[in-house]
**Q** 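I have a structure I would like to understand better, so I am pasting it below and will then ask my questions one at a time.
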Amino acid sequence: METLSPSKPVDPRRYFESVAPLPAKRTEREPVCLYLEVTNRCNLLCTTCPRTYVELEPPADMSWELFTSIVDQMPNVQRAVLHGVGEPMLVKNLPQMVRYLKDRGIYTLFNTNGTLLTERNGRAMIDAGLDEMRVSLDASNPTSYLAVRGKNYFARILHNVKRFREIQEREGHALPKVSAWLTGLKETIGELPEFVRVAADIGVKEVYLQRLVFFEDESIGLARPDQALYEQMNAEEAVHIAEAERLAASLGMTFSASGAASEPGMSLKRQEDGSPWSLCRRPWSVMYFTANGRALPCCIAPFSQRGYENYTLGDATKESLRDIWNGVSYADFREALLSDAPPKACASCGLRWSL
């Protein structure tokens, strides 16, 4: 099977220091990060997720054949993220997928809602060598959790995560590193200090406040412009963040409210010239595939513009990754991203990237 061109491995945490000046629309540099949506199914009804309101693609788990085909074509990828719009722990062969990546020396992580983090599933992740598990909790109490995530699983998740962390501590398992995540909403920002306490109570030592991404028009649920904090945060809301920072420090925890992006070093800052999208390097560093094999520019696109047909860059079930990566669709997408007329999915992304 044809693979992407081998090149000297690039540390994904330093990738963006190595791409100046601005790259061209076609590139010989292979991606350093791979997103694989191992499933688009989910057991929650989150009010910040488009899949709650519309079927984005036919329900599917990524087949083992498609998974291995993609991975085998990327011999030098350094980072793999096994999530998209679904809950990865619904996939029965998820441990095998993690192990397949780890056998190739790839740093591997995924976001989970924690509902299926049973002792059996947790031990399977430990045995597979998973590097990082991010628990998207989004609330500090059952009432807020139900309002944001659509189902009343708050107590179950706390129980699951606490038990998993106890196993890790008791048996000396440093990996996977476990963190708790809360989406930045005006609805719940006041709960942030208590969220830190909840995380501490269940043994989690890292807490992150992540950006809200929303459709420009026809907003859904709580994913609305009026809920966003970026460039709209008032003094009272800033106090909650400062209090959470102080509390985390006193508890010996890591806390970040910078809107850190999904990959280290990828957080964007707004440009004074009003074109923040031009700083993005994902189309030169990341490949994202849905459970059905559709190539998308990044994990943000489904949350920023309706309709995958608007930003599909290829199909891994029909094309090689080499053909997709430097094909017409990818080249045109990159060229637009560097222009004053970016793809619609990217036009406001930099404005919502962080707090």
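Residues: numbered from 1 along the sequence shown.
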**Q** Shortest non-hydrogen contact from Leu296 to Leu313?
**A** C-CD1, 4.2 Å
**Q** How far apart are the C-alpha atoms of Glu169 and Arg163, what are their side-chain angles, what is the distance that settles it, and do they pass the salt bridge (charged side-chain N to carboxylate O under 4.0 Å, His left out) test?
**A** CA-CA 10 Å; Glu169 292 291 331; Arg163 183 171 57 180; over 6 Å; no
**Q** In Å, rounded to the nearest 0.5 Å, how long is the span from OG of Ser285 to CG of Leu34?
**A** 11.5 Å
**Q** Of all residues at least two apart in sequence or in a different chain, which pass the ring-ring contact (aromatic ring centres under 6.0 Å, His included) check with Phe333?
**A** none
**Q** Please determine, by modelled atom types, if Asp138 and Ser136 share a side-chain donor-acceptor pair under 3.5 angstrom.
**A** no
**Q** Give me the atom names and distance for the closest heavy-atom approach of Ala199 to Val207.
**A** CB-CG2, 3.6 Å
**Q** Would you say Glu87 and Thr112 are linked by a side-chain donor-acceptor pair, where the criterion is simply a distance under 3.5 Å?
**A** yes
**Q** If hydrophobic clusters are built from ILVMFWY residues whose side chains come within less than 4.5 Å, do Leu321 and Trp64 share one?
**A** yes
**Q** Between the side chains of Glu194 and Ser140, is a donor N or O closer than 3.5 angstrom to an acceptor N or O?
**A** no
**Q** Quiz question: by atom type and distance under 3.5 Å, do the side chains of Arg99 and Gln96 form a donor-acceptor pair?
**A** no
**Q** Tell me whether Lys162 is salt-bridged to Asp201, with the criterion being a basic N under 4.0 Å from an acidic carboxylate O.
**A** no
**Q** Checking side chain to side chain contact (heavy atoms under 4.5 Å, CB included) against Val38, which of Asp61, Val91, Asn93, Val98 comes through?
**A** Val91
**Q** For residues Phe110 and Met89, determine if any side-chain heavy atom of one lies less than 4.5 Å from a side-chain heavy atom of the other.
**A** yes
**Q** Does Glu37 reach the main-chain N or O of Thr290 with its side chain, forming a donor-acceptor pair under 3.5 Å?
**A** no
**Q** Say you draw a straight line from CG of Leu137 to OH of Tyr153; how long is it, rounded to the nearest 0.5 Å?
**A** 15.0 Å
**Q** Between Arg123 and Glu171, is the salt bridge (charged side-chain N to carboxylate O under 4.0 Å, His left out) condition met? List the steps.
**A** CA-CA 11 Å; Arg123 288 189 180 279; Glu171 299 180 5; 2.7 Å; yes
**Q** Tell me the closest heavy-atom pair linking Val85 and Pro302, and the distance in Å.
**A** CG1-CB, 4.4 Å
**Q** Rounded at 0.5 Å granularity, tell me how far CD in Glu30 sits from CD in Gln78.
**A** 8.5 Å
**Q** Decide if atom CZ of Arg120 counts as having more than 12 heavy atoms of other residues, nucleotides or ligands within a radius under 6.0 Å.
**A** no
**Q** Taking all non-hydrogen atoms of both residues, which atom of Pro88 and which atom of Leu94 are closest, and how far apart?
**A** O-CD2, 3.4 Å
**Q** With a 4.0 Å cut-off, would you call Glu191 and Arg197 a salt bridge?
**A** no
**Q** Measure the shortest side-chain to side-chain distance between Pro95 and Asp127 over non-hydrogen atoms and say whether it is less than 4.5 angstrom.
**A** no
**Q** Using only atom types and a distance under 3.5 Å, with no angle test, would you say the side chain of Thr47 pairs donor to acceptor with the backbone of Val148?
**A** yes
**Q** Thinking salt bridges, do Asp72 and Arg104 make one under a 4.0 Å N-O criterion?
**A** yes
**Q** Let's go through Leu209 and Ser256 carefully: what are the C-alpha distance in whole Å and the side-chain angles of both, what is the deciding distance for side-chain contact (heavy atoms from CB on, under 4.5 Å) to 0.1 Å, and is it a yes or a no?
**A** CA-CA 6 Å; Leu209 179 63; Ser256 174; over 6 Å; no
**Q** With no hydrogens and no angle check, just 3.5 Å: does a side-chain donor-acceptor pair link Asn326 and Thr27?
**A** no
**Q** Could you state the interatomic distance from CD (Glu187) to OG (Ser144), rounded to the nearest 0.5 Å?
**A** 7.0 Å
**Q** Give, for atom CD of Glu245 and atom CG of Leu192, the distance between the pair rounded to the nearest 0.5 Å.
**A** 8.5 Å
**Q** Hey, could you give me the CG/CG distance between Leu36 and Leu82, rounded to the nearest 0.5 Å?
**A** 6.0 Å
**Q** When clusters are formed by joining ILVMFWY residues with side-chain heavy atoms under 4.5 Å apart, either directly or through shared neighbours, do Leu45 and Val54 land in the same one?
**A** no
**Q** Report the C-alpha separation of Arg29 and Trp284 in whole Å, then their side-chain angles, then the decisive distance to 0.1 Å, and conclude whether the side-chain contact (heavy atoms from CB on, under 4.5 Å) test is met.
**A** CA-CA 8 Å; Arg29 186 190 296 273; Trp284 289 267; over 6 Å; no
**Q** Under 3.5 Å, is there a donor-acceptor pair between the Gln73 and Ser69 side chains?
**A** yes
**Q** Is there a path from Leu66 to Tyr100 through hydrophobic residues (I, L, V, M, F, W, Y) whose side chains come within less than 4.5 Å of each other?
**A** yes
**Q** Using a cut-off of 6.0 Å, state whether more than 12 heavy atoms not belonging to Asp340 lie near its atom CG.
**A** no
**Q** Do Met287 and Ile324 make a side-chain contact, defined as non-hydrogen atoms from C-beta onward lying under 4.5 Å apart?
**A** yes
**Q** Please report the shortest heavy-atom distance between Ile157 and Asn113, naming the atom on each side.
**A** CD1-O, 3.2 Å
**Q** In a check of salt bridge (Lys or Arg N to Asp or Glu O under 4.0 Å) between Asp131 and each of Lys102, Lys177, Arg79, which one passes?
**A** Lys102
**Q** Please report the shortest heavy-atom distance between Thr188 and Leu182, naming the atom on each side.
**A** OG1-CD2, 4.1 Å
**Q** Begin from the C-alpha positions of Val161 and Leu117 and carry the test side-chain contact (heavy atoms from CB on, under 4.5 Å) through to its verdict.
**A** CA-CA 7 Å; Val161 176; Leu117 184 56; 4.2 Å; yes
**Q** Tell me whether Arg149 contacts the main-chain N or O of Leu44 through its side chain, where contact means a donor paired with an acceptor under 3.5 Å.
**A** no
**Q** Quick one: do Ile167 and Leu175 end up in the same hydrophobic cluster if we chain Ile, Leu, Val, Met, Phe, Trp and Tyr together by side-chain heavy atoms under 4.5 Å apart?
**A** no
**Q** Quick one: does any side-chain atom of His240 pair with a main-chain N or O of Ile189 as donor and acceptor, under 3.5 Å?
**A** no
**Q** State which residues pass ring-ring contact (aromatic ring centres under 6.0 Å, His included) with Tyr288; sequence neighbours excluded, sorted by chain then number.
**A** Tyr35
**Q** Determine whether Arg134 and Glu206 satisfy the following criterion, side-chain contact (heavy atoms from CB on, under 4.5 Å), listing intermediate values before the conclusion.
**A** CA-CA 9 Å; Arg134 301 175 175 179; Glu206 296 187 17; over 6 Å; no
**Q** Would a 4.5 Å heavy-atom cut-off, applied to side chains only, mark Glu132 and Pro176 as touching?
**A** no
**Q** Can you find a side-chain donor-acceptor pair between Trp181 and Thr183 that sits under 3.5 Å?
**A** no
**Q** Would you say Asp315 and Thr317 are linked by a side-chain donor-acceptor pair, where the criterion is simply a distance under 3.5 Å?
**A** yes
**Q** Could you see if Met125 belongs to whatever hydrophobic cluster contains Leu90? Use Ile, Leu, Val, Met, Phe, Trp, Tyr and a side-chain cutoff under 4.5 Å.
**A** yes
**Q** Evaluate the side-chain hydrogen bond (donor to acceptor under 3.5 Å, both in side chains) criterion for residues Thr115 and Asn43: first the C-alpha distance (whole Å), next the side-chain angles of each, then the deciding distance (0.1 Å), finally the verdict.
**A** CA-CA 8 Å; Thr115 59; Asn43 57 352; 2.8 Å; yes
**Q** For Arg334 and Tyr330, does a side-chain donor sit closer than 3.5 Å to a side-chain acceptor?
**A** no
**Q** So do Arg282 and Pro297 actually touch side chain to side chain, heavy atoms under 4.5 Å?
**A** no
**Q** Has Arg322 got its NZ or CZ under 6.0 Å from the middle of the six-membered ring of Trp325, at an angle within 45 degrees of the ring axis?
**A** no
**Q** Any luck finding a side-chain donor-acceptor pair between Arg294 and Thr312 under 3.5 Å?
**A** yes
**Q** Are any of the side-chain heavy atoms of Leu130 and Ile126 separated by less than 4.5 Å?
**A** no
